[in-house]
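Structure first, then comments.
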Amino acid sequence: MEFNILNNYFYQRDTVPLALALLGTLLIHESTEGITSGFIIETEAYLSKNDPACHAYRGKTKRNAAMFGPPGRAYVYFIYGNHHCFNVVSAAEGIGEAVLVRALEPVDGVELMKERRGKHHKVENLTSGPGKLCSAMNISREHNGISLQKPPLYLAKGKTVEKSSIDTSGRIGINQAQDKPLRFFLKNNLFLSR
DNA sequence: CGGGAGATGGGCT
DNA sequence: GCCCATCTCCCGA
């Protein structure tokens, strides 16, 4: 499937259009334990300007440095002492924007996801949240800053998404700029975070 | 079933 | 010390 990897051109657009374009694409992790993958069904845009919820809002630090790298790389951070969140870096190098991936529809490696997340979980609960999907896909800080255009972690062309099947809302779990309509998701998908 | 609290650790206000 | 782009468990209904 590597011939369907999304290349540099895919990432050459503004962050909001990229957050929309990422819906339906396939996120793949070829780990030593096996391959897991899933369609991206929920994203959030985090912008450099007028967006206090964005980690890059107060400038570049050691933690958020990957956000300021070239687009098409990963920005992974650790939160609440337990969880990782996976983002696709967007905008030109030096700007500091990214798209948070909040939920996946599992495709390959469902059994491996269950082993990682806990066998008692239903399929609908494996990747229906940013922390959950990182656990199921085994994505962690070691992936921070790496390219998403080659194995082991990469994005590939997925399923076609009609504009009419996409809905928008405020972003989840933030205390600032909750009113901004920067969350995008596939309506009625079983694997949404909410 | 929904709401609330605790877990847990890194970064910064 | 307090905050945080979260998850899970436990409780009451």
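Per chain, numbering begins at 1; letters A, B, ... match sequence-line order.
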Write down the atom of [X], the atom of [Y], and the distance for their closest heavy-atom approach.
X	Y	answer
Met113(A)	Thr127(A)	SD-CG2, 3.9 Å
Pro71(A)	Gln12(A)	CG-NE2, 4.3 Å
Ile28(A)	Ala156(A)	CD1-CB, 3.8 Å
Val89(A)	Gly69(A)	CG1-O, 3.5 Å

Exercise. Identify, with sequence neighbours excluded, every residue that meets salt bridge (Lys or Arg N to Asp or Glu O under 4.0 Å) alongside Glu97(A).
Key: none
Quiz item: How would you list, by chain and number, every residue that makes a ring pair (Phe, Tyr, Trp, His ring centres under 6.0 Å) with Tyr77(A), sequence neighbours excluded?
Solution: His55(A), Tyr75(A)
Quiz prompt | Cluster link Val110(A) to Ile41(A), ILVMFWY, side chain under 4.5 Å | solution = yes
Quiz prompt | salt bridge (charged side-chain N to carboxylate O under 4.0 Å, His left out) pairs, two or more places apart, involving residues 121-133 of chain A | solution = none
Quiz item: Can you list every salt bridge (charged side-chain N to carboxylate O under 4.0 Å, His left out) pair that touches residues 48-68 of chain A, not counting sequence neighbours?
Solution: Asp51(A)-Arg171(A)
Let me know the distance between [atom1] of [X] and [atom2] of [N], rounded to the nearest Å.
X	N	atom1	atom2	value
Glu42(A)	dA5(C)	CD	P	16 Å
Asn175(A)	dT6(C)	CG	C1'	13 Å
Leu47(A)	dA5(C)	CG	C1'	13 Å
Arg183(A)	dT6(C)	CZ	P	11 Å

Quiz item: Quick one: CG on Leu112(A) to CD1 on Ile35(A), what's the gap to the nearest 0.5 Å?
Solution: 10.0 Å
Exercise. Please collect all ring-ring contact (aromatic ring centres under 6.0 Å, His included) contacts where either partner lies in residues 104-147 of chain A, sequence neighbours excluded, each pair once.
Key: His29(A)-His143(A)
Quiz item: Between residues 117-135 of chain A and DNA chain B, which residues have a heavy-atom gap below 4.0 Å?
Solution: none
Exercise. Scan residues 80-94 of chain A against DNA chain B and write down, sorted by residue number, each residue with any heavy atom closer than 4.0 Å; if none is found, say none.
Key: Tyr80(A), Gly81(A), Asn82(A)
Quiz prompt | Donor-acceptor pair, side chain of Thr15(A) and main chain of Ser90(A), under 3.5 angstrom | solution = no
Practice problem: May I ask you to check if Arg13(A) and Tyr9(A) form a cation-pi contact, with NZ or CZ under 6.0 angstrom from the six-membered ring centre and within 45° of the axis? | Solution: no
Self-check item: Distance below 4.0 Å between Arg102(A) side-chain N/O and dT6(C) OP1 or OP2
Solution: yes
Side chains of residues 144-151 of chain A: which donor-acceptor partners sit under 3.5 Å, not counting sequence neighbours?
unit_1: Asn144(A); atom_1: OD1; unit_2: Val76(A); atom_2: N; d: 3.0
unit_1: Ser147(A); atom_1: OG; unit_2: Gln149(A); atom_2: N; d: 3.0
unit_1: Gln149(A); atom_1: OE1; unit_2: Asn8(A); atom_2: N; d: 3.1
unit_1: Gln149(A); atom_1: NE2; unit_2: Asn8(A); atom_2: OD1; d: 3.4

Quiz item: With Watson-Crick and G-U wobble geometry limited to distances under 3.5 Å, how should the secondary structure of DNA chain B be encoded in dot-bracket form, using | for bases paired to another strand and [ ] for crossing pairs?
Solution: |||||||.||||.
Polar pairs (N or O, both sides) under 3.5 Å between protein and nucleotides 10-13 of chain B?
unit_1: dC12(B); atom_1: OP1; unit_2: Thr61(A); atom_2: OG1; d: 3.0

Expected list for residues 183-194 of chain A: side-chain donor-acceptor pairs under 3.5 angstrom, two or more places apart:
unit_1: Arg183(A); atom_1: NE; unit_2: Glu42(A); atom_2: OE2; d: 2.9
unit_1: Arg183(A); atom_1: NH1; unit_2: Ser169(A); atom_2: OG; d: 3.0
unit_1: Arg183(A); atom_1: NH2; unit_2: Glu42(A); atom_2: OE2; d: 3.2
unit_1: Lys187(A); atom_1: NZ; unit_2: Ser164(A); atom_2: O; d: 3.1
unit_1: Asn189(A); atom_1: OD1; unit_2: Phe191(A); atom_2: N; d: 2.8
unit_1: Asn189(A); atom_1: ND2; unit_2: Glu105(A); atom_2: OE1; d: 2.9
unit_1: Ser193(A); atom_1: OG; unit_2: Glu42(A); atom_2: OE1; d: 3.2
unit_1: Ser193(A); atom_1: OG; unit_2: Glu42(A); atom_2: OE2; d: 2.7
unit_1: Ser193(A); atom_1: OG; unit_2: Arg102(A); atom_2: NH2; d: 3.3

Distances under 3.5 Å only, N/O to N/O: pair up the protein atoms with those of nucleotides 2-4 of chain B.
none

